[in-house]
Amino acid sequence: MFLQKLELQGFKSFANKTVLDFPGGIAAVVGPNGSGKSNIADAIRWLLGEREARNLRGGKNDDLIFAGTEKKARMGMATASLYFDNSSGFFPTEFKEVVISRRIDRDGDSKFFLNQSEMRMKDIVDFFAKAKLGARGLNMIGQGESDLILKSTPLERRELIEELLGLKEYLLKKNAASRELKNTFFNLEKARAQLGEIEPHLRSLRRQVSRWTKRDSLAEELRQIEDSYYSGRVRMITESLRSFDPEIEKLDKEIDRLKNEQKVLEQEFRKIEVSEPKAKKELEALRNKRRELFNKRMASSGQPAQRSKASAPAENDLKSLLKEIRELAEAALSSGLEEDPKAVLKKIVSLIEDIENAAAAEAMPVAQAVDGKLEEFNRLMDELDEEEKKHQAELDSFNKVFRESLRQVEAKKDEIEELDDQKQQLIFQKDKALFQKSELENQLRSISRKFEDFVSAAADIRLDERTAEARMMRLRAELSSMGDVDEAIVKEAEATEERHAFLSNQIADLEKASADLKTLLKDLDFKIRNEFNAALHKINGELQSFVKLMFGGGRAELKLERIRETDAAGTIGEVGSSQAEETEEIRPGIEIDVVLPKKKIKGLEVLSGGERSLLSIAILFALISISPPPFLVLDEVDAALDERNARRFGDLLKNYAKETQFVIVTHNRATMEAADVLYGVTMGDDGVSRVVSLKLS
Ligand code: ATP
């Protein structure tokens with residue numbers, strides 16, 4: 001027993017509180033037309049979550065509430081409750097008894113309760129759906145719905161079976177996967193298109209950038225060779241420049257020292273120079289004048305007679321000669337002569353004075369006076385010669401010393417000059433090195449480098465100068481032909497590479513997702529198909545025996561519709577290809593093939609009312625046989641059956657009553673006989689339905 005009881009109050013014609021207990025098995029609801037039997041089925045449907053008043057045989061929600069009659073006032077609210085025994089755990093909840101209640105008032109306020117807790121309608125519908133129960137399912141066949149399956153479209157039939165098999169969950173998954181696959185495909189196409197758009201540009205950017213990448217390696221090589229080459233030269237110049245100054249300084253010091261020595265030598269020389277014995281000229285002149293005087297007097301000495309009559313011009317000549325001698329002697333005296341010659345000179349002067357004085361005092365010619373003193377004069381004059389000789393000897397020794405001193409001064413000068421030459425040579429070399437340095441600086445400036453950079457640079461590469469120069473020239477030419485690195489292009493290339501990588505990854509991800517979804521779809525499709533086909537096979541097996549039972553022969557089959565190959569192309573596997581994207585999946589519906597015994601004509605259209613009912617019942621039971629519902633409400637599905645067939649129907653119910661609880665509204669005696677409990681529904685003249693229980697067993 002699953003369905004325990006139904007409580008109604010204010011629902012349709014059930015104004016008073018009414019309780020229907022369902023003891024299990026088959027409960028038949030009987031009573032006259034219009035007594036309210038179907039209202040009981042409506043109540044159950046309403047409790048299972050029916051939203052549409054139409055499906056409850058009402059125009060609007062208000063129609064569900066007791067409308068009132070002449071004898072009974074209308075009611076403001078309708079309530080109904082359905083009690084389930086959940087001790088088997090059929091519903092996934094810990095409650096042993098599950099009570100679903102629904103209430104509606106005339107303000108349109110509608111409420112659902114699960115064991116007295118208010119619930120949203122959606123949650124109640126889900127709650128039943130999980131247990132494969134619902135207001136529209138096969139567990140509720142309302143009045144006039146007995147041939148529901150025959151009236152349905154092929155696809156509706158298929159969906160009915162899918163729902164029955166619990167495949168709906170997989171179908172929803174499949175639809176979701178299908179939608180996702182479409183999205184994935186769309187995104188994939190988009191990403192591929194974007195990738196295709198950037199690729200040519202990226203190729204050109206890569207070409208440019210790779211040229212510059214080579215440029216970097218060439219520039220690096222050039223730099224290394226430059227480092228090596230210039231650091232060698234810079235070091236050479238720097239070292240040689242460093243060596244000049246100390247040497248020049250050393251020479252300067254040496255020159256200074258020599259100049260000091262020169263100064264000392266010059267001072268000495270000057271001292272020697274001033275010590276030169278003087279009056280040499282005067283003495284020489286004096287000697288010449290003496291010779292003149294002597295010659296003059298010796299020439300006349302052989303003629304003493306003439307002494308007294310000396311001619312006047314000769315007298316004057318002698319006088320002036322004496323005067324000259326005297327002046328020379330006096331001049332020699334005033335020059336720095338030694339004392340000895342001076343004494344002689346003084347004597348000469350005094351002798352000349354004596355001569356002049358004697359001539360004047362004795363009034364005799366000068367010649368006479370001279371002659372008187374001539375001997376003495378000659379003697380003095382010989383003495384003077386002696387003195388001169390002595391003087392000459394002194395002069396000679398002076399000259400020797402003088403020359404030596406002069407030689408020393410000159411030698412020193414030579415020495416200084418020699419060093420100075422050396423110094424000039426060094427200065428010249430230094431200037432040359434400085435010039436080389438400035439040349440090198442110019443060269444370095446032209447390649448945007450600085451002399452200082454190389455002072456401590458390491459020379460890693462050992463190339464001979466000529467090879468290095470040739471290589472540098474080639475590298476520079478190559479670099480300049482490449483042009484400068486355009487930072488904007490490098491940046492753009494980086495950004496484009498990033499975008500490319502992003503899109504490639506995205507494509508890979510999407511391809512993977514697409515493959516996964518295809519696999520999922522294939523799996524789901526396989527599962528759905530397999531389960532569906534297996535179920536269909538089983539249903540047809542059951543259906544065959546029910547048809548035999550109900551019609552005493554014949555054949556009926558639920559068949560998948562035939563669909564054209566081309567239409568079916570998109571059903572499995574190909575989803576994801578562009579062609580499949582445009583093709584909606586075509587799902588074949590279910591057709592019903594029926595051949596009745598002794599009848600040639602096939603097809604549902606030609607069946608009689610009773611035949612339709614019989615076939616419907618056969619199909620219904622075949623369907624529920626693969627997944628029997630806990631209860632089934634059938635409202636007058638046996639209405640068109642004759643007594644024999646009603647009996648067959650009753651047998652069928654009895655067979656199934658072990659697994660499924662039946663609530664069946666019927667006017668059929670045979671069906672009533674099959675029931676375990678009968679509820680009689682009556683309606684008095686107050687227009688209110690009442691239930692009388694007529695328990696049979
Ligand atoms: P039949 O055997 O002919 O199928 P039935 O026993 O199934 O009849 P129902 O269709 O269940 O009868 O009941 C219809 C009766 O319920 C009618 O008399 C109708 O007036 C009454 N009814 C329906 N809705 C209301 C309502 N809101 N208030 C009062 N009475 C109502």
Side-chain angles (χ1 to χ4, degrees), residues 6-20 22 26-48 50-82 102-110 135 140-148 609-610 612-613 616-617 632-641 643 646 649 662-672 675 677-694:
L6 172 71
E7 281 179 5
L8 305 168
Q9 186 165 20
F11 184 84
K12 286 198 166 182
S13 54
F14 291 90
N16 305 324
K17 182 168 178 177
T18 309
V19 179
L20 279 95
F22 302 113
I26 304 160
V29 180
V30 301
N33 291 134
S35 59
K37 301 185 293 297
S38 293
N39 289 344
I40 291 171
D42 289 341
I44 296 173
R45 200 191 284 269
W46 187 56
L47 282 161
L48 290 177
E50 180 57 61
R51 289 161 210 261
E52 303 279 334
R54 237 176 343 103
N55 292 324
L56 302 166
R57 303 177 307 137
K60 50 193 189 305
N61 281 333
D62 254 17
D63 294 341
L64 299 179
I65 307 169
F66 180 71
T69 58
E70 274 175 24
K71 294 197 173 171
K72 178 95 178 164
R74 70 167 196 168
M75 297 182 75
M77 187 170 75
T79 60
S81 298
L82 199 54
R102 195 170 178 182
R103 194 171 72 199
I104 188 171
D105 60 24
R106 292 204 180 269
D107 297 329
D109 190 20
S110 169
M140 289 289 319
I141 306 290
Q143 203 173 36
E145 285 178 352
S146 63
D147 58 352
L148 180 82
R612 281 181 76 86
S613 285
S616 297
I617 289 165
L632 196 53
V633 178
L634 302 171
D635 191 350
E636 292 191 43
V637 296
D638 57 356
L641 304 186
E643 197 167 340
F649 174 59
F662 289 98
V663 175
I664 178 153
V665 177
T666 186
H667 288 289
N668 213 307
R669 187 180 299 276
T671 308
M672 288 179 211
V677 64
L678 274 182
Y679 283 106
V681 181
T682 57
M683 186 180 275
D685 54 5
D686 57 356
V688 173
S689 298
R690 287 184 181 78
V691 173
V692 188
S693 172
L694 306 159

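When a ligand or atom number is given, it counts from 1 through the structure's own listing order. Numbers here are sequence positions counted from 1.
Under the 4.5 Å side-chain criterion, counting only non-hydrogen atoms from C-beta, Glu145 is not in contact with Met140. Using a 4.5 Å heavy-atom threshold, the side chains of Arg45 and Leu48 count as separate. Val688 has its side chain within reach of Asn16: a pair of non-hydrogen atoms, C-beta onward, lies under 4.5 Å apart. The closest side-chain heavy-atom distance from Thr18 to Tyr679 is not below 4.5 Å.
Residues of the protein with a heavy atom under 4.0 Å from ligand 1 are Lys12, Ser13, Pro32, Asn33, Gly34, Ser35, Gly36, Lys37, Ser38, Asn39, Arg57, Asp63, Ile65, Phe66, Ala67, Gln143, Glu636, His667, Met683, listed by chain and number.
More than 12 heavy-atom neighbours from other residues, nucleotides or ligands sit within 6.0 angstrom of CZ on Arg106.
Separation of atoms CG (Leu64) and CG (Asp105) is listed at 12.0 Å; rounding is to 0.5 Å.
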